[in-house]
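Below is one structure; the comments refer to it alone.
Computation of the quantities below employed the complete heavy-atom set of this structure, encompassing side-chain atoms and omitting hydrogens, waters and symmetry-equivalent molecules.
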Amino acid sequence: MSNNHFLPINIKSIDLTINTKACLNNIDLQINDNGITVIMGSNGSGKTLLLKLIAGVITPTQGLINWHRQPQPPELTMVPAKAVLLNRSVIENIALPLRHAKNYKPHQNRKGAIDKIVDSALAWADIDYLKHRHAKSLSTGEQQLVALARAWALKPDILLLDEITANLDPVRTQKMNQLVQDLSQFCKIILTTHSIKQAKALASDILLMEQGKVLLHTDKNNFFDSNEFQHFLALQ
């Protein structure tokens, strides 16, 4: 994998309070530019909040998030747990962000060039058959595939994925995992999950959260032998 000019991310003494409730507590960590970082934890552990902080969707109550170089959309792209699709066709859902993406030069924004990118994205996700469908008529799994294809088309340097397989069947989950693995060849991926199986399949390093705190951040080989993981496993 080539060097990512935006990394590492240094997260220093982050606290997040929402409506007087302490949601994240004293988080210190560094995320580097190799492979897929998995943020793991049970529901309510703070995974999604940490991902949103990294995305810049929310700001911390205290502490700093420092990038080596601050990315801007679409250099930094996020796919949420529930796909956010426009009230339009699948083609338009993928094409519209391309028309406004800052990392596409003017000559690349011609309709023909964008059409080719959209077709490539649909082929990559193996959803050509959905191209003329209305996005809102799709199943949950189909919508997530469209959202991931749209992210692929934008060619982000940093891709944040929030529980994107949480509501999918095993076959669709396997397909999604394969696409995520492919994406990781050209961009840094940070994803949240509560699935041990998914973490084992995808992670290069894993960050374990519980009650708004980071309990452990280590490479995958060390993670599954750790006392912290054994404690997490006992709670499942």
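Under a cut-off of 6.0 angstrom, the local environment of CD in Q174 is sparse, with at most 12 non-hydrogen atoms contributed by other residues, nucleotides or ligands. Residue-environment remark: CG (N222) exceeds the threshold of 12 foreign heavy atoms within 6.0 Å. Within 6.0 Å of the NE2 atom in H134, the count of heavy atoms belonging to other residues, nucleotides or ligands exceeds 12. Counting non-hydrogen atoms of neighbouring residues, nucleotides and ligands closer than 6.0 angstrom, the CD atom of Q70 exceeds 12 such neighbours.
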Practice task
Could you give me the CA-CA distance, side-chain angles and deciding distance for W152 and D182, then say whether side chain to side chain donor-acceptor pair (under 3.5 Å) is met?
Solution key: CA-CA 10 Å; W152 180 92; D182 182 71; 4.5 Å; no

Exercise for the section: Would you please test N167 and T140 for side chain to side chain donor-acceptor pair (under 3.5 Å) and show each step? Expected result: CA-CA 7 Å; N167 300 308; T140 299; over 6 Å; no

Practice task
Determine, step by step, whether L159 and L161 satisfy the side-chain contact (heavy atoms from CB on, under 4.5 Å) criterion, reporting the C-alpha distance in whole Å, the side-chain angles of both residues, the deciding distance to 0.1 Å, and the verdict.
Solution key: CA-CA 6 Å; L159 181 59; L161 304 173; 3.7 Å; yes

Exercise for the section: For salt bridge (charged side-chain N to carboxylate O under 4.0 Å, His left out), just list the numbers for K131 and E92, CA-CA rounded to whole Å, side-chain angles, deciding distance to a tenth of an Å, and then say yes or no. Expected result: CA-CA 9 Å; K131 63 192 302 182; E92 276 299 294; over 6 Å; no

Practice task
Report the C-alpha distance between I127 and E142 in whole Å, list the side-chain angles of each, state the deciding distance to 0.1 Å, and finish with yes or no for side-chain contact (heavy atoms from CB on, under 4.5 Å).
Solution key: CA-CA 8 Å; I127 52 173; E142 289 169 338; over 6 Å; no

Exercise for the section: Starting from the C-alpha separation in whole Å, work towards a yes-or-no answer on side-chain contact (heavy atoms from CB on, under 4.5 Å) for V171 and K175. Expected result: CA-CA 6 Å; V171 173; K175 173 65 174 176; 5.9 Å; no

Exercise for the section: I would like to know whether I117 and D115 meet side-chain contact (heavy atoms from CB on, under 4.5 Å); could you show each step before the answer? Expected result: CA-CA 5 Å; I117 296 170; D115 287 347; over 6 Å; no

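Residues A147 and A83 share a closest heavy-atom pair of CB-CB, 3.9 Å. Across all non-hydrogen atoms, the minimal contact from A153 to L98 is O-CD2, 3.5 Å. R150 and P97 make their closest contact through CD-CG, 3.7 Å (heavy atoms, listed as atom of the first residue, atom of the second, distance). Contact record, G212 with I27: O-CD1, 3.9 Å, taken as the closest heavy-atom pair. Residues L24 and G46 approach most closely at CD2-O, 3.7 Å, considering heavy atoms. Nearest heavy-atom pair across D219 and N221 is OD1-N, 3.0 Å.
Between I11 and Q30 there is no side-chain heavy-atom pair separated by less than 4.5 Å. Counting heavy atoms from C-beta on, the side chains of H194 and M40 never come closer than 4.5 Å. Considering only heavy atoms from C-beta on, I39 comes within 4.5 Å of L50 through its side chain. A 4.5 Å side-chain heavy-atom check between I31 and P8 finds every atom pair outside the cut-off. Side-chain contact between K136 and R88 is absent, with no heavy-atom pair separated by less than 4.5 Å. With contacts defined as side-chain heavy-atom distances shorter than 4.5 Å, the pair H132/I91 qualifies. In this structure the side chain of D15 reaches within 4.5 angstrom of the side chain of N26, judged on heavy atoms. Side-chain contact between L160 and L76 is present, with at least one heavy-atom pair separated by less than 4.5 Å.
Distance check: L183 CG to L148 CG gives 5.5 Å after rounding to the nearest 0.5 Å. For the atom pair D28 CG and H217 NE2, the distance stands at 12.5 Å (nearest 0.5 Å). Within the model, atoms OG1 of T59 and CG of L64 stand 11.5 Å from one another, a figure rounded to the nearest 0.5 Å. One distance of note links OG of S120 with CD1 of I94; it measures 10.5 Å at 0.5 Å rounding. In this structure, K213 NZ and S45 OG are separated by 13.5 Å, a value rounded to the nearest 0.5 Å. In this structure, CD1 in I190 is found 10.5 Å from CE in M78, a value given to the nearest 0.5 Å.
Following chains of ILVMFWY side-chain contacts shorter than 4.5 Å, one cannot reach L207 starting from V38, and the two form parts of different hydrophobic clusters. A continuous path of hydrophobic side-chain contacts links I196 to I164 [ILVMFWY only; heavy atoms under 4.5 Å]. Residues L145 and L168 fall within the same hydrophobic cluster, defined by Ile, Leu, Val, Met, Phe, Trp and Tyr side chains chained together at heavy-atom separations under 4.5 Å. In this structure, L208 is not a member of the same hydrophobic cluster as L235, with clusters built from ILVMFWY side-chain heavy atoms closer than 4.5 Å. Two different hydrophobic clusters hold W67 and I189 under the rule that ILVMFWY side chains link at heavy-atom gaps under 4.5 Å.
At least one cation-pi condition fails for K188 and F6: the charged atom is not both under 6.0 angstrom from the six-membered ring centre and inside a 45 degree cone around its axis.
Not one N or O on the side chain of E228 forms a donor-acceptor pair closer than 3.5 Å with the backbone of L216. Without hydrogens or angle criteria, Q211 side chain to G44 main chain gives no donor-acceptor distance under 3.5 Å. Between the side chain of Q236 and the backbone N or O of F232, at least one donor-acceptor pair lies under 3.5 Å. A donor-acceptor contact shorter than 3.5 Å is absent between the side chain of Q62 and the backbone of S13. At distances below 3.5 Å, at least one donor-acceptor pair connects side-chain atoms of E75 with backbone N or O atoms of Q72. Under a 3.5 Å cut-off, the side chain of N93 and the backbone N or O of L85 do not form any donor-acceptor pair. N19 contributes no side-chain N or O that, together with a main-chain N or O of K21, makes up a donor-acceptor pair within less than 3.5 Å. Formation of a donor-acceptor pair under 3.5 Å by the T61 side chain with backbone atoms of T17 is found in this model. A donor-acceptor pair under 3.5 Å links the side-chain atoms of K220 to the main chain of K200, judged by distance alone.
Taking F223 as the reference, F229 meet the ring-ring contact (aromatic ring centres under 6.0 Å, His included) condition, with sequence neighbours excluded.
The pair K47-E163 meets the salt-bridge criterion, since a charged nitrogen lies less than 4.0 angstrom from a carboxylate oxygen. For the pair D162 and K52, the salt-bridge criterion is not met [side-chain N within less than 4.0 Å of a carboxylate O].
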